[in-house]
Amino acid sequence: MKTAIYPGSFDPVTSGHLNIIRRAAHIFDKLIVCVMVNAGKQPMFSLDERVELIRRVTSDIPNVEVDGSSELLAEYAKRKGSCVIVKGLRAGSDFEKEFQMALINHNINPDLDTMFLTAEHQYMYLSSSTVKELGRYDVDLSQFLPQEIIPDFQERIKLISQGGK
Ligand code: ADP
């Protein structure tokens with residue numbers, strides 16, 4: 001059974017992420033979407049909240065499991081018995097960083113390879129940070145975020161703008 005790991009910050013999960021999740025779940029027997037702790041970023045949603053939001057939008061995909069971890073990705077993959085990391089590649093911006101990460105992960109764990117899925121053209125310029133920026137204005141978010149999480153997102157934006165979090 002081939003298990004792949006799709007790691008990221010997912011703060012919050014976007015339609016671009018969900019597109020990669022669906023396509024990777026179609027390729028592998030099992031896909032573990034893992035919310036990773038990024039010490040350099042102050043997230044909008046806690047790790048547990050991000051896991052819950054991804055669970056909600058992937059509940060119709062039976063071979064997807066959602067998890068959260070503060071472990072080193074190469075170690076996490078080994079513990080889960082996976083030898084493949086899946087990454088989404090957007091126009092230009094992701095290449096250098098992802099190439100470097102793939103080499104480092106392979107170096108730490110030589111059994112581990114990274115496979116890239118190219119972003120769907122309508123999501124090529126979509127990132128969680130762009131959505132957070134747009135969220136501050138009165139913009140229709142339905143092409144950027146899965147419908148089921150838009151109310152949670154808008155509520156959190158409101159709370160933040162009121163200085164509540
Ligand atoms: P973001 O840059 O949106 O904060 P993450 O750190 O959560 O994203 O990224 C997790 C993974 O998802 C990375 O491999 C990233 O390249 C990929 N990804 C992010 N947005 C998209 C998108 N719109 N289309 C395809 N892949 C994406």
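Every number for a ligand or one of its atoms is a count from 1 in the order of the listing. If you're wondering where the values come from, they're calculated on a predicted model, not measured in any experiment.
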Sequence-distant partners of E148, side chain to side chain contact (heavy atoms under 4.5 Å, CB included), two or more places apart: R56, V57, P146
Salt bridge flag under 4.0 Å for residues R55 and D67: no
Lys/Arg-Asp/Glu bridge criterion (N-O < 4.0 Å) met for K132, D11: yes
Set of ring pair (Phe, Tyr, Trp, His ring centres under 6.0 Å) partners for F116, sequence neighbours left out: none
Apart from I5 itself, residues in the same hydrophobic cluster as defined by side-chain heavy atoms under 4.5 Å: I32, M36, L73, Y76, I85, L112
Those protein residues which place at least one heavy atom below 4.0 Å from ligand 1: Y6, P7, G8, S9, F10, G16, H17, I20, K87, G88, R90, D94, E98, A119, Y123, L126, S127, S128
Any donor-acceptor N or O pair under 3.5 Å, side chains S46, D48: no
